[in-house]
Amino acid sequence: MIATNRNEVSTNYDRKQELKAFDDTKEGVKGLVDAGITEIPRIFYHPPDECSKDYTFDHEETQHSILVIDLEGLFDPTKRKEIVAAVGEASETWGFFQIENHGIPFDVLEEMKKGVLGFHEQDIEVKKQFYTRDHSTSPVIYNSNFDLYSAPATNWRDSFLCYMAPIPPKIEDLPEECREILVEYSKQVMKLGKLLFELLSEALGLKPNHLNDIDCSEGLLVLGHYYPPCPQPELTMGTSKHADNNFMSILLQDDIGGLQVFHQNKWIDVPHVPGALVVNIGDLIQLISNDIFKSVEHRVMANRRGPRVSVASFFSTGVRPSTKLFGPIKELLSEDNPPKYRETTLRDFNVYYREKGLNGKSALSHFKL
């Protein structure tokens, strides 16, 4: 069912039925755009306050808001101290920062974005072979909205997800359109992630290997997001506000824009910086740092321009089986700073997050003591 604004929705609107009809096409949001729609289906409507761009700084002003940290000179002790201090401050206050001179070649970044574009724009019948909501059967999961049936509103976004570590997939199981670059990019991101966990460890006053030694960098999920151009961006979202259900995310974004972070009660643009990567603290780092580092809400606006492509690398084993418990790090606790969270496995945390969906509420509150 299609309506031209939120007030024209018929009283016999059956959301569940329309969600299933959309899901059954296995064509995602791109399928709607390819069909030439000029008005978005009701399932994509978000409350007006969620889509509001009010209280957002303009692009010029925000250029100086999200810290851009240059990693060059990291192995010079004096320079490293400066970098660790900058990473620590950004992680405590913003939960977000960008990094330059991170070691991943520019052409690898460009090829990875092209690979994601290629996957989503390939022949639909080939792409449909990867369409699933079952994380136990395939190393590659393609669908539209992981929380389609639990979220209060559907997002204008299609995605694929690949489990790249700790058990790498067979190369023949990866999508032909992007398999080589996916393997190469994942290898480079894993190396960068381990380096960033060293810097985060040092910023917490721990030994450099601490976060790597407790397996924060064991798992890697790579998500390829595709945000088609939207005919009515004022009615929907690319991604609802949320915090990430992992230890850390490394994001590669194109120049279309739309990513915003919530800071001091304002939505602030995260501008595209050519060659840079966006890093953000996930819920699990906030949990194990006992709230020293912050996992901050962010969102992606829908846009008439597009498609927008981004590649999110999540350090986590996701919903795969796990028994290791994670809780506030003992070395960070004291009589004055007792644990604020109970211990959890990564699987339990992620299962709860997926069932909750992007409903605007923090998953961390469920694990508070």
Side-chain angles (χ1 to χ4, degrees), residues 1-10 13 15-16 18-19 22 28-29 32-33 37 39-59 62 65-66 94-96 143-159 223 225-245 249 251 253 256-271 278 280 283 294-308 310 312 353-366:
M1 194 217 118
I2 289 175
T4 54
N5 66 55
R6 294 182 180 88
N7 303 319
E8 291 178 19
V9 179
S10 146
Y13 167 62
R15 180 170 173 80
K16 275 189 181 170
E18 295 201 14
L19 287 171
F22 169 69
V29 176
L32 298 174
V33 173
I37 64 155
E39 296 168 355
I40 68 172
R42 174 68 182 92
I43 59 170
F44 293 95
Y45 283 20
H46 285 244
D49 58 326
E50 279 185 26
C51 305
S52 168
K53 291 190 178 183
D54 294 348
Y55 311 115
T56 305
F57 289 144
D58 66 31
H59 183 74
T62 63
S65 299
I66 302 280
W94 281 85
F96 264 77
N143 58 46
S144 186
N145 289 255
F146 77 89
D147 55 351
L148 186 69
Y149 295 103
S150 58
T154 308
N155 287 317
W156 197 256
R157 180 192 75 250
D158 299 331
S159 307
L223 295 89
H225 295 309
Y226 183 89
Y227 301 85
C230 180
Q232 295 176 300
E234 68 283 357
L235 298 180
T236 191
M237 294 294 297
T239 303
S240 310
K241 70 171 182 178
H242 67 289
D244 288 348
N245 55 323
S249 303
L251 181 81
Q253 61 170 347
I256 296 283
L259 175 64
Q260 297 181 327
V261 58
F262 199 61
H263 181 71
Q264 295 181 350
N265 294 313
K266 289 184 173 69
W267 285 108
I268 303 198
D269 292 314
V270 181
V278 180
N280 67 281
D283 283 348
K294 304 295 187 293
S295 175
V296 175
E297 287 185 329
H298 48 288
R299 67 182 187 179
V300 178
M301 305 303 287
N303 201 318
R304 288 186 190 275
R305 291 177 63 213
R308 175 185 187 264
S310 70
Y353 186 100
R354 293 183 68 80
E355 287 172 355
K356 172 189 80 69
L358 303 187
N359 64 357
K361 294 175 183 158
S362 168
L364 281 171
S365 56
H366 180 71

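We number each residue from 1, following the sequence as shown.
Minimum heavy-atom separation, Pro229 to Gly306: CD-C, 3.9 Å. Here the closest non-hydrogen pair linking Ala153 and Tyr45 is CB-O, 3.3 Å. Smallest separation of non-hydrogen atoms from Asp269 and Ile66: O-CG1, 4.0 Å. Across every non-hydrogen atom of Cys230 and Ile40, the tightest pair is SG-CG2, 4.0 Å. Minimum interatomic distance between Ser65 and Trp94 (heavy atoms only, all atoms of both residues): O-CZ2, 3.2 Å.
Between the Gln253 side chain and the Val270 main chain, a donor and an acceptor come within less than 3.5 Å of each other. In this structure, Ser249 contributes its side chain and Leu251 its backbone to no donor-acceptor pair below 3.5 Å. In this structure, Glu297 contributes its side chain and Lys241 its backbone to no donor-acceptor pair below 3.5 Å.
Here the straight-line distance linking atom CD1 of Ile43 with atom NZ of Lys16 works out to 14.5 Å at 0.5 Å rounding. One distance of note links CZ of Phe262 with NE2 of His242; it measures 14.5 Å at 0.5 Å rounding. Here Gln232 contributes atom CD and Trp156 contributes atom CH2; the two are 8.5 Å apart, rounded to the nearest 0.5 Å. In this structure, Ile37 CD1 and Leu32 CG are separated by 5.0 Å, a value rounded to the nearest 0.5 Å. Rounding to the nearest 0.5 Å places OG of Ser150 at 8.0 Å from CG of Asn359. Put simply, NZ on Lys361 and NZ on Lys356 are 9.0 Å apart, with the number rounded to the nearest 0.5 Å.
Using a 4.0 Å cut-off between charged nitrogen and carboxylate oxygen, Arg304 and Glu234 count as a salt-bridge pair.
Side chains of Leu358 and Arg299 form no contact here, defined as non-hydrogen atoms less than 4.5 Å apart. With a 4.5 Å cut-off on side-chain heavy atoms, Ser144 and Asp158 count as touching. Annotation: side chain of Phe96 is not in contact with side chain of Ile268 (no heavy-atom distance under 4.5 Å). Put simply, the side chain of Asn155 reaches to within 4.5 Å of the side chain of His46, judged on heavy atoms. The side-chain heavy atoms of Met237 and Met301, taken from C-beta on, include a pair separated by under 4.5 Å. The side-chain heavy atoms of Cys51 and Leu235, taken from C-beta on, include no pair separated by under 4.5 Å. Side chains of Val296 and Asn280 form no contact here, defined as non-hydrogen atoms less than 4.5 Å apart.
Ser159 pairs by the side-chain hydrogen bond (donor to acceptor under 3.5 Å, both in side chains) definition with Arg157, His225, not counting sequence neighbours. Residues satisfying the side-chain hydrogen bond (donor to acceptor under 3.5 Å, both in side chains) test with Asn145, not counting sequence neighbours, are none. For Phe146, there are no ring pair (Phe, Tyr, Trp, His ring centres under 6.0 Å) partners two or more places apart in sequence or in a different chain.
In this structure, the ring of Phe44 has its center less than 6.0 angstrom from the ring center of Phe22.
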Set out, in order, the CA-CA distance, both residues' side-chain angles and the distance that settles side-chain contact (heavy atoms from CB on, under 4.5 Å) for His298 and Asp244, then state yes or no. CA-CA 9 Å; His298 48 288; Asp244 288 348; 3.1 Å; yes
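Under 3.5 Å, the side chains of Ser295 and Asp283 contain a donor-acceptor pair of N or O atoms.
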